[in-house]
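Keep in mind that the numbers below use all heavy atoms, side chains included, and drop hydrogens, waters and symmetry copies.
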Amino acid sequence: MRKIIFLIHVSLDGYVAGPNGEMDWIVYNDEVAAHSNAFHSTTDTAIYGRNTFEMMKGYWTTVPDNPNADTNDKKHSAWLQTATKIAVSTTLASDDWADMIINDNLKGAFTKLKHQSGKDMWLLGSPTLAQTMMKANLIDEYRILINPVILGSGKSLYNGIEDSLKLNLVETKSFTGGVVLLRYKPCES
């Protein structure tokens, strides 16, 4: 069965964006990029919430024609060109970059996708969608990249999570620049 793997950068105090939505505090060097690009061989689907989808579409569609794009961006762009791109939105009806738009019955749609053949699915960023998927127990693996900064306020990854979510730590890894990967899987019920 396919898994949904969630990868996101957070501050040491659990924020995914600063008070004004800023993400310039994220450490994204070649080592962190190589870790992310390693997903290309094990995943064939990118999952985004609407806001992240629109942001990603605005950037990644420009990379193939950008002679100044760096090697890591070119690798990810090439993967995205062949990956199935899923946008989850209650307001987006159609889009030429999305292969699929899920508007409702999130649990049913992703349960069906998990049972289809293919590689794992990668939930990239999309903290609001991730919160919804956490509540529905749809995420099979969490890869939290803790960045060495305390923001003090902003958009919390865990906002709205009312019930505890018990996880097993399966890997830790340190990167240059002070980023630490915490890889978790949900505890068995």
Rounded to the nearest 0.5 Å, how far does [atom2] of [Y] lie from [atom1] of [X]?
{"X": "S156", "Y": "Q131", "atom1": "OG", "atom2": "CD", "value": "7.0 Å"}
{"X": "H35", "Y": "D30", "atom1": "NE2", "atom2": "CG", "value": "14.5 Å"}
{"X": "T90", "Y": "D104", "atom1": "OG1", "atom2": "CG", "value": "9.5 Å"}
{"X": "I47", "Y": "I102", "atom1": "CD1", "atom2": "CD1", "value": "7.5 Å"}
{"X": "D120", "Y": "K114", "atom1": "CG", "atom2": "NZ", "value": "10.0 Å"}

Are [X] and [Y] connected, step by step, through hydrophobic side chains (Ile, Leu, Val, Met, Phe, Trp, Tyr) whose heavy atoms are closer than 4.5 Å?
{"X": "W60", "Y": "I86", "answer": "no"}
{"X": "L157", "Y": "I26", "answer": "no"}
{"X": "L182", "Y": "Y142", "answer": "yes"}
{"X": "I144", "Y": "Y28", "answer": "no"}
{"X": "Y48", "Y": "M100", "answer": "no"}

D140/R2 salt bridge by N-O under 4.0 Å criterion: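 Salt bridge: no.
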Between K173 and E171, is there a side-chain N and carboxylate O pair less than 4.0 Å apart?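 Answer for the salt bridge query: no.
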| query | Within a reach of under 6.0 Å around CE of M55, are more than 12 heavy atoms found that belong to other residues, nucleotides or ligands? | reply |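 Yes, because the 6.0 Å sphere around CE of M55 holds more than 12 heavy atoms from other groups.
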Sub-3.5 Å donor-acceptor pair from the side chain of [X] to the main-chain atoms of [Y], do we have one?
{"X": "S89", "Y": "T91", "answer": "yes"}
{"X": "E31", "Y": "N29", "answer": "no"}
{"X": "D44", "Y": "K119", "answer": "yes"}

By side-chain contact (heavy atoms from CB on, under 4.5 Å), V149 pairs with (sequence neighbours left out) S11, W25, N147, L151
Salt bridge (charged side-chain N to carboxylate O under 4.0 Å, His left out) partners of residues 78-99, not counting sequence neighbours, each pair once
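Found K57-D95, K57-D96, K85-D99.
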Any pair counted as ring pair (Phe, Tyr, Trp, His ring centres under 6.0 Å), so long as it reaches residues 86-132, sequence neighbours left out: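 Listed once each, the pairs are F39-W122, F53-W97, H76-W122, W79-W122.
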